Each structure stands twice: as structure tokens, then as C-alpha cells.
Amino acid sequence: MRMVFGLVLILGVALAGGAVYLAQGYISEYRAALAKERAVNIPLTEIIIAKDRLEYGDEITKDDVALVRWPVPAVPEGAFKSREDLFARGDDYLRSVVRTMEKGEPILAVKVTEPGEGVGLTSLLDPGTRAFTIRVDVQTGVSGFLRPGDKVDVYWTGQAPNPDGRGGRDTTMLIENAVEIVAIDQTSKTDLVGANVARTITTQVSPQQVARLAQAQNSGRLSLALVGSRDTTVAQVIDVDQDTLLGVVRQQAAEVQEEQKCSIRTRRGADVVEIPIPCTE
């Protein structure tokens, strides 16, 4: 009996020793991996982030932001790296939010106005562009799924003159490609929820495009086609009339030019005779 007890004791000690050995090996590997990870030196810098959600039109105060350390390779373009940069002109000239930012999101220059500048439409326009409003409805406005920041192709439907200058033909053609929307009705918020059937959209276009769109809106009907967010293609010239739509090929009527005939008349007795002669220019 004592022999059995001794064997069990020896076996227990051996198992315990093995467990301790394995645990030491695991701890050593963990410490080595941790030391290796700490050895990787990732440079850090300070940037400004939002302490809470900031919505369109909010003025940004010093209580709304925090300064945190951020990995240098991951710093987004346009981030503010100090409170002095964000509040460059003091508390009397605060920046306003142009695009909604979530809690913990870096404050970026493209999402705020200049110091002291409001969030009016003029702050959203790029240099050299103008705001032009287009009338839309549920059909021409892509069933209300348009949002500020979207891009649309603009199609014109109306009567275009025939090549021969006579009459006109009903046609639809692409007149502007990938025009950016900056406002829907009277709002330029980019975080609209659900479908919103707008009455007007305001686009950002060049002065020449303003003239084209104004002429097109006054002479026909404009329709919009939403461009995908990842679509970088440029639409080709598109012109579709009713014949093209139905596949009708019309034969051009051949103009028959009558042969010029020249003659002279002479009297023979009581009769007048017409004698053909060669024509001269």
C-alpha cells in the first residue's frame, strides 16, 4: 500500500513539474512577443478630434474638441494639429461645421469653414464656380434619392431643328456630365435620411455651364441621372430622337434635277415652230 502511495506521489510531482515547465515556456514566449511589439517604434503626433458629435451648422468651440496622440502614417489630410491652428483668430471668429462629424473623428479642413465664416452656400462653392438651381420633380429628380455631394448627368428634352432647317424633331440629349449637387431645396446637409422629393436642386457649375443650363431649362425639359460614387467614366455624346428610339430609318427623297432645255421659236407661214438648240451658259 505504501508503495502504491509513493508511486502516485511521484507521478503527481512529475506532472506538476511538467505543468510548471510548460507554463514557464508559454510565459517566456508571451514576454518575447510583447517585447518585440514594444520594440516597433511608431511615430506619433497630436491632432484635434471631436469630443462629441458635431452636426451641420454647429460652431466649434474649445470645449467641443480634444487634442490626442495619433500615428503619423494614419493622420488624414487636412487634420488640425494644434488648437492654435483650429482657433486661429480667437473665440470671436469660430469655425462652423460643413459636414457632420462623429465622436472621436479628426477635425478636417474640408469639413469646417474658415474662421468667422458662416455655413451659407457661398462657403461650399469652389473658386471659379457658380450656384445654379434646376427645377425637378419625382420623375426628373431620381425619385427623391438625390443628396448634396452627389453628381448627376443632365439631359435635355425638347425640339431640335432638322439638319435641313425645316421643322423640328423631338429629341433627348446629354448636355452636362457629372454635375455636383451642393443643395437640395434650401438645405445643404449631406446626412439627409430617406427619400426626399425635392422641388429644386442647386448645382455647382462654371459660368459657361450656367448659360447652357439656363437656355436648356427655358427651351425644354431637364432630367437627371444619378452618377455612382465610384464611377469615373466620362459619358459620350448622346442624342436620341424618336426615329432612333424606334429604329426607324427614313429614306432621303432624291432631288430630281430637271434637264435644262433650250429652244428658239420661228414662224413658218401661219405656224410657230419651236426648234431645240444647244444651251449655252
Side-chain angles (χ1 to χ4, degrees), residues 26-129 145-152 177-184 187-194 196 203-204 226-234:
Y26 175 77
I27 294 173
S28 299
E29 291 179 1
Y30 175 77
R31 288 177 176 175
L34 184 61
K36 184 178 180 181
E37 183 177 348
R38 289 177 176 175
V40 178
N41 185 17
I42 299 178
L44 300 175
T45 187
E46 292 184 334
I47 64 171
I48 301 292
I49 66 167
K51 291 173 64 176
D52 293 295
R53 178 183 170 90
L54 297 174
E55 297 185 349
Y56 175 85
D58 291 345
E59 282 190 335
I60 304 176
T61 66
K62 293 181 179 179
D63 294 333
D64 296 324
V65 300
L67 190 64
V68 300
R69 296 183 65 79
W70 202 273
V72 171
V75 173
E77 184 178 357
F80 293 92
K81 298 183 178 180
S82 68
R83 294 179 182 270
E84 289 72 21
D85 291 340
L86 184 60
F87 304 99
R89 298 180 61 184
D91 295 339
D92 295 332
Y93 296 91
L94 298 176
R95 299 177 187 264
S96 298
V97 177
V98 176
R99 301 179 187 174
T100 300
M101 289 175 279
E102 300 297 334
K103 179 179 179 180
E105 184 176 343
I107 306 292
L108 304 181
V110 295
K111 295 189 175 184
V112 297
T113 64
E114 293 297 323
E117 188 176 280
V119 292
L121 196 58
T122 55
S123 64
L124 302 178
L125 297 177
D126 295 333
T129 63
F145 287 103
L146 298 177
R147 296 288 182 275
D150 290 344
K151 293 185 178 180
V152 293
N177 175 246
V179 172
E180 183 179 358
I181 298 174
V182 294
I184 302 292
T187 180
S188 55
K189 292 184 179 181
T190 58
D191 54 351
L192 298 177
V193 178
N196 178 36
T203 59
Q204 177 178 231
L226 184 61
V227 179
S229 59
R230 295 184 295 273
D231 190 347
T232 58
T233 60
V234 178

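Please read these numbers as outputs of a predicted model, since none were measured by experiment.
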Side chain to side chain contact (heavy atoms under 4.5 Å, CB included) for I49 and W70? Distances and angles first, verdict last.
CA-CA 10 Å; I49 66 167; W70 202 273; 4.1 Å; yes
Please test K103 against D52 for side chain to side chain contact (heavy atoms under 4.5 Å, CB included), starting from the C-alpha separation and ending with a verdict.
CA-CA 4 Å; K103 179 179 179 180; D52 293 295; 4.3 Å; yes
Step by step, would you call L67 with I48 a side chain to side chain contact (heavy atoms under 4.5 Å, CB included)?
CA-CA 5 Å; L67 190 64; I48 301 292; 3.4 Å; yes
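Here the CD1 atom belonging to I184 is positioned 7.5 Å from the CG atom belonging to D150, to the nearest 0.5 angstrom. With rounding to the nearest 0.5 Å, the separation of NZ in K81 from CD1 in I47 is 9.0 Å. Summarising the geometry, atom OG1 belonging to T113 is positioned 7.5 Å from atom CD1 belonging to I60; distances are rounded to the nearest 0.5 Å. E59 CD to D64 CG: the interatomic distance, rounded to the nearest 0.5 Å, is 10.0 Å. Taking CD1 from I181 and NZ from K151, the interatomic distance works out to 11.5 Å, rounded to the nearest 0.5 Å. Rounded to the nearest 0.5 angstrom, D91 CG and K62 NZ are separated by 4.5 Å.
Using a 4.0 Å cut-off between charged side-chain N and carboxylate O, R53 and E102 make a salt bridge.
Closest heavy-atom contact between R83 and A66: NH2-CA, 4.0 Å. Considering all non-hydrogen atoms of both residues, P106 and M101 come closest at O-SD, 4.0 Å. Nearest heavy atoms, R69 versus L44: NH2-CB, 3.5 Å. In terms of heavy atoms, E77 sits closest to L108 at O-CD2, 3.8 Å. Between V97 and E55, the closest heavy-atom pair is CB-O, 3.2 Å. Nearest approach of P73 to P43, heavy atoms of both residues: CD-O, 4.2 Å.
Here the side chains of I107 and L54 are in contact, with some heavy-atom distance below 4.5 Å.
Proximity of a side-chain donor or acceptor of T129 to a complementary backbone N or O of Q204 within less than 3.5 Å is not detected.
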